[in-house]
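None of these values were measured; they are calculated from a predicted model. Below, chains carry the letters A, B, ... as their sequence lines are ordered, and counting in each starts from 1. Just so you know, these numbers use all the heavy atoms, side chains as well, and skip hydrogens, waters and symmetry mates.
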Amino acid sequence: MKKYKCNICGYVYDPQAGDPSSNIPPGTPFENLPDNWTCPVCGASKEDFSPED
Amino acid sequence: MEAVKIKEGIYWVGAIDWNIRNFHGYSTIRGTTYNTYLVIDEKITLFDTVKHGFEEEMLARIRSVIEPEKIDYLVVNHIEPDHAGGFLHIVKVIKPEKIFLTPNAKAGLLEYFHIQDLPFEEVKTGKEVKIGKRTIKFFETPMIHWPDSMISYLPEEKLLISQDAFGAHYATSGRFDDEVDHCELIQECAKYYANIVLPYSPQVNKLLKTVKEMNLAIDMICPDHGIIWRKNVGEIVGLYERWSSYIADQKVLIVYDTMWKSTEKMAYAILEGVVKEGIAAKLCKLSVSDLTEVMAEVMLSKGIILGSPTLNNGLLPTVAGFTAYMKGLRPRGKIGASFGSYGWSGEAVKILNEVLKDMKAEVVHEGIRCKYSPDKETLERCTELGKTVAKKVKEVLGL
């Protein structure tokens with residue numbers, strides 16, 4: 001599962017950790033995040049994320 | 001110290017920091033202001049506070065209108081310490097009934113001040129609060145320029161309290177755009193955008209589009225630094241559209257540093273080439289330049305040419321520091337090239353080309369490396385490099 005980085009603030013979504021602040025359980029791949037999910041740091045939308053190399 | 005009335009029942013009650021010259025590394029050569037605004041209505045509302053140390057100046061200005069204890073609401077548009085450093089002190093004095101802020105701002109203030117809860121009321125984009133005759137409409141503006149940021153709009157007054165957006169580090173006795181030197185003002189706005197707002201240009205662009213679509217009537221913009229816009233609202237919004245779209249002027253900036261003047265000789269030859277093509281150019285030697293000033297030039301110039309000698313297999317520290325700073329501010333849409341002298345290994349040009357690529361610049365020349373010192377032929381090649389960049393600038397800008 002790939003990590004994704006927010007192009008705006010640099011937050012990294014780690015699928016192994018999920019996003020507890022939005023009730024996203026650990027093990028959720030980035031692709032499976034709901035469309036209305038936003039960056040927990042800056043509020044950017046999913047489309048503002050890029051896969052990490 | 002008195003308040004300045006900006007509209008009927010609305011006052012500027014901020015503080016002027018005439019003598020600050022270093023604002024977290026930003027060289028505030030013309031000082032700055034910490035603007036706060038007081039609205040007298042059924043619920044008396046204060047927008048933002050000031051940097052720690054300026055609380056008494058602000059309270060004195062408030063007292064020229066009303067007793068601070070009478071303030072009902074406090075709006076926190078941004079939690080950075082230049083605006084919220086005096087937050088706790090002011091809250092203690094005014095004891096507000098409610099403090100409006102974004103969820104990110106609340107979390108941030110709790111972390112900054114290590115405090116328990118206060119009468120916080122979280123607001124999200126579109127939330128409206130009636131304070132009497134007037135309404136406050138909130139818009140979250142995450143990363144313009146912190147996660148907590150928001151702006152407040154008073155539709156009945158056509159007034160936008162824009163937090164750091166549209167601001168400038170510019171201390172003046174005049175409070176309005178038409179009371180200060182226009183040239184200085186625009187210079188300071190560009191410098192502010194380049195050094196603070198530039199990385200978040202995509203957000204600024206999106207926000208400007210949203211505001212346009214919503215057809216908000218705005219006849220006054222009140223930022224948290226510098227002057228209040230009342231005469232040139234269209235001009236500053238237009239400039240933000242331009243800067244956030246990475247539109248630059250038809251000029252070329254040569255940023256370099258030098259050890260024994262070899263790289264400097266190359267820089268001058270490159271400058272000659274650019275100018276021969278009829279494009280304005282500027283040289284900035286980093287050891288004697290101010291990073292913040294150079295960054296403003298970077299934003300405004302379409303062409304960026306970087307030069308450094310190789311020192312210990314890397315860049316000269318002044319160039320390394322500058323390029324790290326510049327990359328973080330994410331300038332885009334540049335046409336670039338690089339150059340530099342060396343003694344034996346000569347990695348600097350390769351590193352500078354990487355910097356340009358990281359900035360997503362269009363690199364139009366493989367770069368010029370010169371061993372020890374440039375001869376006539378090398379200097380001619382440098383002039384050609386300058387011409388190549390200038391020609392590309394002309395081509396791209398359709399000149």
Does A/Thr28 form a side chain to side chain contact (heavy atoms under 4.5 Å, CB included) with A/Tyr13? I'd like the steps, not just the answer. CA-CA 10 Å; A/Thr28 309; A/Tyr13 176 77; 3.6 Å; yes

Nearest heavy-atom contact between A/Cys39 and A/Cys9 is SG-SG, 3.7 Å

Which residues pass the side-chain contact (heavy atoms from CB on, under 4.5 Å) test with A/Pro26, sequence neighbours left out? none

With sequence neighbours left out, write down each residue that passes side-chain contact (heavy atoms from CB on, under 4.5 Å) with A/Pro51, or none if nothing qualifies. A/Lys2, A/Tyr4

Which atom pairs, one donor and one acceptor, sit under 3.5 Å between chain A and chain B?
unit_1	atom_1	unit_2	atom_2	d
A/Asn7	O	B/Arg330	NH1	2.9
A/Ile8	O	B/Arg330	NH2	3.0
A/Val41	O	B/Asn104	ND2	3.3

Search all heavy atoms of B/Met299 against all heavy atoms of B/Ala190 and return the closest pair with its distance. CE-O, 3.5 Å

Closest non-hydrogen contact found for B/Val129 with B/Phe138 is CG2-CE1, 3.7 Å

